[in-house]
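Structure first, then comments.
Just so it is clear: chains get the letters A, B, ... in the order the sequence lines come, proteins before strands, and each one is counted from 1.
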Amino acid sequence: MNEKFLNPYDPQKTEKINYKLWEESGFFNPDKLPERHQKPFTIIMPPPNANGSLHAGHALFVTLEDLMIRYKRMQGFKTLWVPGADHAGFETQVVYEKKLEKEGRSRFKMDPKELYDEIMQFTLDNKSFMENQVRSLGASCDWSRERFTLEPKIIETVYETFKKLSDDNLLYRGEKLVNWCSKHQTSLSELETDGVDKEDKFYTFQYGPFQIGTTRPETKFGDKYVVMHPDDERYKEYSHGQKIDLEWINGPITATIIKDEAIDMKFGTGAMTITPWHDTADFEIAQRHNLDYEQIIDFYGKLLPIAGPEFEGKNISVAREEIVKKLDEKGLLVKTEESFKHNVKVCYKCNRPIEPQIKAQWFIKTEPLTQKALEAVEKGDIKFVTERHERIFRHWMENIHDWNISRQIIWGIPIPAKICLDCGEGMVDLDDSISKCSKCGGKIEKDKDTFDTWFSSGQWPFATLNFPEGKDFKGFYPTDVMETGHDILFFWVARMIMLGIYCTGEVPFKTIYLHGLVRDAKGKKMSKSVGNVVNPLELSDKYGTDALRMSLLVGNTPGTDMNLSEDKIKAYKKFANKLWNISRFVLDNTKDLNEVDLESEDIKKLINSNSELINLEKTITDITKDLDNFQFHIASEKIYHYIWHEFADKIIEESKEKLDNSETQLILLYILQICLKTLHPFMPFITEEIWKSMPIKNKKLLLIEEWPV
RNA sequence: GGGCGAUUAGCUCAGUUGGUAGAGCAGCGCAUUUACACUGCGAAGGUCGGGGGUUCAAAUCCCUCAUCGCCCACCA
C-alpha cells in the first residue's frame, strides 16, 4: 500500500504545498513557459475591491478564470492572467465612512490628506489579505504582473485618456442636473441610483386659476412657471408667455404660462408648475424655453433663503407638512390623495432619496463612443456569453446619456484640471501648468473632485498591459476573455468596451463571459445584514478548495444566478475522495510499472485495440468542445460522471478479475492519467498531488502537461 | 410604462442544433476482511406551470395566459 495515499484524502495537507510548487515553477508567468507555448491567451482579472474579504462571488470568478487559464495553458497557449486590486473609489469610501461612524468620527471633520492616508492604509491592508485568499483558491495568475488601480503608471494612463477626450472634444464641463446624495455629499451616475416604488401623499393646490398636483410641496417656492400642453382644450384661453398674478406660499407672485408637449394631458389636471433646479423633466422644459431657475434646496437637504424666513434652513423632510399646512390655511389646498404610487430615485448605498441638483461637473459625450462599441459587437469582434446579455447591452448602449465622471469624494484619482473661479470654465491640466483662466483670464483653482472609479476601471485592460508602448500591450492585447459578473455589465463592461476601442483602436477583449450572482442554498441574495453570507475560505478549509471549485462549476449556467449549499460542496468533497481512492487502487496494482512511456508504439497499439477507450475518447472530445464553448457547467459534470460512473464503477470493477495482466494495468494507468489531465483545470490541487505518484516517463508538473486531445 | 429571465423528481438545479427525461441532496431496500461507508448494488419518484399551434416526433420551435424574479425608464 502506498503510504502516501492515506484514506481519506486530506486537502489541507496538499493545497499549500502544491500552490507553492506551481508558483515557484514560474509557469504562472507566460514568459517562463516552455517552448511549445507560443500563441497568447490573456485574461485580465477583474480587480477585487480592496475593502473587505473575499465573498462567494470572488470564489466563482477565480474558479472560472483559473479553469480557462489552466485549460489553455495545457493546450499550449502562452497564458497570461493579470491579477489586480481596485481602490474602488466611492465603494471603499462608503465602507470606510461606516467604520468612521462606528468610531464616532466623520469624514467631514477630517483633514482631507489625513483621511486619504487612512483609507490608503486600510485599502493596502485589505489588498494583501485578499491576495492570499486568491492564492488559496488556486489562482494560477502571474503575480509578478499584479496591478493596483492607484499606482502612478495607471494614473498616468487615465490622465492621458482624460486629455485625449478633451482634445477630441468629447469632454465638457457642464452645469447640468446631477444625482446628488445629501448624505455622501457627492454626485452619482445614473447607475449609482436605484429606483424604489414608494407611496406618497399627492397634493393638489390652487395656483391662480389652475390646479396643480405635486408630491413635493417643499420644492414649490421657486415655481413661477405653469406648464400645460399646447393642444389642451381646457386651457386654450391661455397663451404661451402670458403673465398671471396669483397668491402663493409666501404672498403674491407673477407666474408665466408655458406650453410644452412634454405634458401629459391625461395626468391630473394637465397643468403643473416646474422646479428646474431639482427635477430632470422640469429642467428640460426650462432649457427648451430658456427659462430661468433657482436653487431651492441646498446640498445638505435644507431649504434656502428663497423659502422665506419662516422656512429657511429647515430640513425638507419636516418642511413638507408645514408648507402644506400653510397653503391649507390660505385656502389653497384643494385635496390630498393619501397613497400615490410612484418611483423615487435613491442612493444605491444609503437608500436616501436622491436630490437632483444643478452642478458643474465633467461629462463625457458618450454617443461617439457607443457607436464604435456597437459596431464592434455587430461585427463580432466582441462576443457575448450569453447572447441574452448582448441584447441587454445593446439596448442600454442605444439609450445612454452623457456620463458624469466627477465625484466629490476624496478617495480616488484626482481630476487633473483647473476651474475658473470667475466664469466657471474648466481646463484640463495634466502637468499643473495653468495659472489663469484661458477664457476670461480670471483666477483659477485646482479641481477638488476625483474621477468616478469606473472611468479609470474602464481603462483597466489596456492600462494593466502598459498601453501604449509596453511589451505586454503589444504581446497580449486585445485580451481574449473578460469574465465578470452580469451586475456590472453597464458599470464596467460597457465602459471598458467604449474606452478600450476609443483609446487603442481595438476591442479590449474578444469574448465577454458573464456569470450570475451566487445566492444561498434557498436562492436568497447573500447579505451581511441577513447573515447568510458564506465565506469561501472557510468552505475551502472545511471541504477542500477543489470541492468548492467543483460545486461552483457544475450546473452553474452562464449568466444565471446560482445557489450554493454546503451539501453541494460536500458532494464534491466525496468526489475528491473517490478519485483519491481510485488512484490508490490503480497505483497499488501497477506497482511493477515504472517510467511508462506514453509515447511508445506498444502503448499506442494497446490503446487503439482497446474498445473500452472509445467512450473515454468521446468524453474528452465532448469536454474539449464544451470548454471551447464556455459550457463549463456541462464539461464539469461530464468529467465527474466519467470518472465515477464509468471509470470506477465499470472499468475498475471489471478489471479486478484480470489485474495480474500487464495490459490491464497499463490501460488503468492510461485512463487515470487522462482523467487527471482533464480534471486538472477543474480540481487542480488533488490532481497535481496524485500526478506526483504516477509512474510515467518524462513527467512534468501536471500544470503544464499537454491537454489530452 | 417598456424589456428580459424563470416555472422540470420532496428540495436545489442541469438538459446548445426537436428524437423514448438527468445530477446533487433527502428518502427506501440490500450489501461490509482487502481502492473507497466521504462506499457499492438495486428500486422508487416527473401528464417538464396552464391552454393552443407547427411536426412523423416538442421540456426543446411559435402563440397565448398565469405566477415569481430581475433590469431599464425624467410622467408632476
Side-chain angles (χ1 to χ4, degrees), chain A residues 1-2 5 7-10 177 179 190-191 194-195 200 202-204 212-216 219-220 223 227 262-275 279-285 340 342-343 345 356 386-389 391-392 394-396 398-401 486-487 489-490 516-517 519-523 525 543-544 547 550-551 554-589 625-626 629-631 633-634 636-638 640-641 644-645 648-649 652-653 655-656 659 668:
Chain A
M1 179 73 64
N2 191 326
F5 281 82
N7 183 43
Y9 169 63
D10 181 2
L177 211 58
N179 298 300
E190 287 301 313
L191 289 173
D194 285 333
D200 274 316
F202 186 79
Y203 306 97
T204 303
I212 55 135
T214 185
T215 52
R216 303 201 59 193
T219 65
K220 295 286 136 193
D223 291 15
V227 192
I263 299 297
D264 180 354
M265 286 186 270
K266 289 194 280 296
F267 188 90
T269 60
M272 70 171 197
T273 61
I274 55 167
T275 314
D279 185 284
T280 318
D282 295 1
F283 180 76
E284 283 175 12
I285 292 171
F340 174 71
H342 62 155
N343 198 276
K345 260 193 206 174
T386 64
E387 277 177 45
R388 199 179 102 218
H389 291 97
R391 287 196 299 273
I392 297 172
R394 297 175 102 113
H395 181 258
W396 189 74
E398 283 158 7
N399 295 290
I400 195 172
H401 298 290
H486 70 60
D487 53 329
L489 174 58
F490 306 142
L517 223 63
R519 297 168 175 278
D520 77 1
K522 289 181 185 141
K525 194 171 172 175
Y543 302 105
M550 209 55 183
S551 70
V554 178
N556 183 5
T557 323
T560 306
D561 293 353
M562 73 167 304
N563 300 353
L564 182 63
S565 65
E566 279 205 41
D567 276 346
K568 190 173 178 189
I569 307 171
K570 242 183 252 173
Y572 295 104
K573 178 177 160 47
K574 278 159 70 171
F575 175 59
N577 202 51
K578 185 74 184 180
L579 177 68
W580 189 251
N581 281 296
I582 288 169
S583 305
R584 183 153 75 135
F585 177 83
V586 172
L587 293 171
D588 273 345
N589 289 292
K625 213 193 294 167
D626 290 336
N629 291 327
F630 302 93
Q631 302 291 306
H633 60 306
I634 311 264
S636 51
E637 193 167 342
K638 276 181 188 154
Y640 170 91
H641 193 267
W644 199 315
H645 300 298
D649 290 357
I652 289 184
E653 286 306 320
S655 77
K656 284 181 178 173
L659 278 172
L668 290 179

*Is there a donor N/O on one and an acceptor N/O on the other, under 3.5 Å, for the side chain of A:Q631 and the base of B:rA14?*
no
*Phosphate contact (B:rC13 OP1 or OP2) by A:N563 side-chain N/O below 4.0 Å*: yes
*With a 4.5 Å limit on heavy-atom distance, are the side chains of A:H633 and A:P558 in contact?*
yes
_Identified side-chain hydrogen bond (donor to acceptor under 3.5 Å, both in side chains) counterpart of A:T273 within the set A:T214, A:D223, A:T219_ = A:D223
_Donor-acceptor pair, distance only, cut-off 3.5 Å: does the side chain of A:D279 make one with the backbone of A:T275?_
no
_Rounding to an integer number of angstrom, what distance separates B:rC48 and B:rA6 when you compare their C1' atoms?_
14 Å
*With the side chain of A:Y640 defined as its heavy atoms from C-beta on, choose the nearest nucleotide among B:rA35, B:rC25, B:rG24.*
B:rG24
*Find the distance A:H645:NE2 to B:rA23:P and express it as a whole number of Å.*
8 Å
_So A:H389, base contact, sugar-phosphate only, or nothing? Heavy-atom distance under 4.0 Å._
nothing
*Taking atom C1' in both B:rG42 and B:rA57, compute the distance separating them and give it to the nearest angstrom.*
33 Å
_Could you tell me the Watson-Crick or G-U partner of B:rG22, where both distances fall under 3.5 Å? Say none if there is no partner._
B:rC13
*Just checking A:D567: base, sugar-phosphate only, or nothing, at a heavy-atom cut-off of under 4.0 Å?*
sugar-phosphate
*Polar pair under 3.5 Å, donor/acceptor by atom type, side chain A:K656, base B:rA35*: yes
_Once you apply a heavy-atom cut-off of 4.0 Å, does A:T214 come out as touching a base, just sugar-phosphate, or nothing?_
sugar-phosphate
_Tell me which nucleotide, if any, is Watson-Crick or G-U wobble paired with B:rC70 when both distances must be under 3.5 Å._
B:rG3
_Any-strand Watson-Crick or G-U partner of B:rC75, both distances under 3.5 Å_ = none
*Under 3.5 Å: donor-acceptor pair, side chain of A:D561, backbone of A:L517*: yes
*In Å and rounded to the nearest 0.5 Å, what is the NZ to CD1 distance from A:K220 to A:I212?*
5.0 Å
*Over how many whole Å does the gap from A:K266 atom NZ to B:rA76 atom C1' extend?*
15 Å
*Please report, rounded to the nearest Å, how far the P atom of B:rC4 is from the CZ atom of A:R388.*
11 Å
*Quote, to the nearest angstrom, the C1' distance that separates B:rA66 from B:rG50.*
7 Å
*Ignoring the backbone of A:E653, work out which of B:rC75, B:rC36, B:rA76 is nearest its side chain.*
B:rC36
_Who pairs with B:rC41 - Watson-Crick or G-U, where each distance is under 3.5 Å_ = B:rG29
*Closest to the A:I582 side chain, choosing from B:rA35, B:rU16, B:rG40*: B:rA35
*Cationic N near anionic O, under 4.0 Å, A:K345 to A:E190*: yes
*Which residue, A:P8 or A:L191, contacts RNA chain B at a nucleotide closer to its 5' end, judged by nearest heavy atom?*
A:P8
*asked:* Categorize A:T557 for me: base, sugar-phosphate, or nothing, with a 4.0 angstrom heavy-atom threshold over every strand shown.
replied: sugar-phosphate
_Output the rounded distance in Å from CG (A:L587) to P (B:rC36)._
14 Å
_Between P of B:rU12 and NZ of A:K525, the distance in whole Å_ = 20 Å
*Quantified in whole Å, what is the P atom distance between nucleotide B:rG49 and nucleotide B:rA59?*
10 Å
_Candidates B:rC25, B:rA76, B:rA73 - which lies nearest the side chain of A:N343_ = B:rA73
*When we call it a touch if two heavy atoms are under 4.0 Å apart, what does A:I652 touch: a base, just sugar-phosphate, or nothing?*
base
_Which residue lies more 5' along RNA chain B, comparing A:N399 with A:R216 via nearest heavy atoms_ = A:N399
*Distance below 4.0 Å between A:H486 side-chain N/O and B:rG5 OP1 or OP2*: no
_Looking at the base of B:rC36, is there any donor atom on it, or on the side chain of A:K578, that sits under 3.5 Å from an acceptor on the other one?_
yes
*A:K578 charged N/C atom sitting above A:Y640 aromatic ring, 6.0 Å / 45°*: no
*C1' atom, B:rC72 versus B:rU55: distance in rounded Å?*
38 Å
*Respond yes when some side-chain nitrogen or oxygen of A:R391 is under 4.0 Å from OP1 or OP2 of B:rG5, and no when none is.*
yes
*May I ask you to verify if any side-chain N or O of A:K570 is less than 4.0 angstrom from the OP1 or OP2 atom of B:rC25?*
no
*When rounded to the nearest Å, what value does the distance between P atoms of B:rU7 and B:rC41 take?*
31 Å
*For the pair made of NE2 in A:H395 and P in B:rC70, what is the distance, rounded to whole Å?*
19 Å
_Please report the distance separating the C1' of B:rA43 from the corresponding atom of B:rA35, rounded so that it comes out in whole Å._
27 Å
*Heavy atoms only: give me the nearest A:I263-A:G270 pair and the separation to one decimal.*
CG2-O, 3.4 Å
*Kindly point out which of B:rC74, B:rC36, B:rG5 is positioned nearest to the side chain of A:R584?*
B:rC36
*asked:* Would you compute the distance between atom CD1 of A:I634 and atom NE2 of A:H641 and round it to the nearest 0.5 angstrom?
replied: 13.0 Å
*Length of the CG-C1' vector between A:D561 and B:rA14, whole Å*: 16 Å
*asked:* Under a 3.5 Å cut-off for both contacts, is B:rU54 paired Watson-Crick or G-U wobble with anything, and if yes, with which nucleotide?
replied: none
*asked:* What is the separation between atom NZ on A:K568 and atom C1' on B:rC11, rounded to the nearest whole Å?
replied: 14 Å
*Can you tell me if the side-chain N/O atoms of A:H633 get under 4.0 Å from OP1 or OP2 in B:rG15?*
yes
*Pairwise P distance for B:rC62 and B:rC68, with rounding to whole Å*: 24 Å
_Minimum-distance nucleotide to A:E637 side chain [options: B:rG22, B:rG40, B:rC72]_ = B:rG22
*Drop me the distance from A:M550's CE to A:E637's CD, to the nearest 0.5 angstrom.*
9.0 Å
*Mind checking A:L489 for me? I need base, sugar-phosphate or nothing, with any heavy atom below 4.0 Å counting as a touch.*
nothing
_Closest to side chain of A:N581, choosing from B:rC25, B:rA76, B:rA35_ = B:rA35
*With a non-hydrogen cut-off below 4.0 angstrom, is A:A648 in contact with a base, only sugar-phosphate, or nothing?*
base
*Where the side chain of A:I634 is defined as all heavy atoms beyond and including C-beta, which of B:rC74, B:rA35, B:rU16 is the nearest nucleotide?*
B:rU16
*Just compare B:rG24, B:rA35, B:rA76 and give me whichever is closest to any side-chain atom of A:A571.*
B:rG24
*Which of the following nucleotides, B:rC74, B:rC38, B:rA76, is nearest to the side chain of A:E190?*
B:rC74
